[in-house]
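Data block below; observations after.
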Amino acid sequence: MKNIRVTKPSPEVMAKVIRAREAIASQQHRVIKCPYCKHNAIVVFQDTRGHVQTKCKHCGSEVVFDVLNMRRPRR
């Protein structure tokens with residue numbers, strides 16, 4: 001088993017984390033699925049822009065998403 005070292009974040013980093021959570025508290029979110037296995041890959045919020053790279057936890061594929069173009073068309 002690997003020895004994972006965990007440290008407590010600095011107060012400056014914790015302040016940034018708290019501000020980020022407060023900023024998204026009122027925003028809607030949506031889940032983008034992995035194009036290979038259809039497993040939930042990432043959660044994005046209304047203010048997410050640009051490209052995001054992630055590795056699917058289910059199948060292990062690395063995928064780059066263009067968040068703006070992955071929106072569902074409105075009906």
Side-chain angles (χ1 to χ4, degrees):
M1 181 156 48
K2 291 184 179 180
N3 184 9
I4 300 175
R5 205 175 338 164
V6 178
T7 60
K8 187 173 181 179
S10 68
E12 294 84 16
V13 171
M14 283 306 299
K16 290 179 182 181
V17 169
I18 291 168
R19 281 196 306 268
R21 285 188 179 164
E22 290 170 352
I24 58 133
S26 63
Q27 293 186 15
Q28 290 183 347
H29 68 275
R30 60 192 167 92
V31 177
I32 297 180
K33 297 191 177 287
C34 173
Y36 299 102
C37 69
K38 306 302 182 206
H39 186 261
N40 292 344
I42 59 172
V43 174
V44 294
F45 295 89
Q46 289 175 323
D47 65 347
T48 306
R49 303 282 187 263
H51 296 81
V52 178
Q53 180 175 353
T54 187
K55 182 176 182 178
C56 179
K57 294 177 184 175
H58 189 255
C59 70
S61 300
E62 287 198 20
V63 183
V64 176
F65 295 104
D66 182 358
V67 177
L68 291 177
N69 290 329
M70 294 298 284
R71 290 188 176 169
R72 293 184 195 134
R74 293 188 180 188
R75 296 178 184 166

Closest non-hydrogen atom pair, [X] against [Y]:
| X | Y | answer |
| --- | --- | --- |
| K33 | K38 | CD-O, 3.5 Å |
| V67 | R30 | O-NH2, 3.2 Å |
| C37 | C59 | SG-SG, 3.8 Å |

- request: Determine whether V17 and P9 make a side-chain contact, defined as any pair of heavy atoms from C-beta on separated by less than 4.5 Å.
  value: no
message: Below 30° counts as parallel, above 60° as perpendicular, anything between as tilted: where do the rings of H39 and H58 land?
response: parallel
task: Give, for atom CD1 of I42 and atom NZ of K57, the distance between the pair rounded to the nearest 0.5 Å.
output: 11.0 Å
- line: d(D66 CG, R49 CZ) to nearest 0.5 Å is 11.5 Å
message: If hydrophobic clusters are built by linking Ile, Leu, Val, Met, Phe, Trp and Tyr wherever their side-chain heavy atoms come under 4.5 Å apart, do M14 and I24 end up in the same one?
response: no
query: Counting heavy atoms not belonging to F45, are there more than 12 under 6.0 Å from its CZ?
result: yes
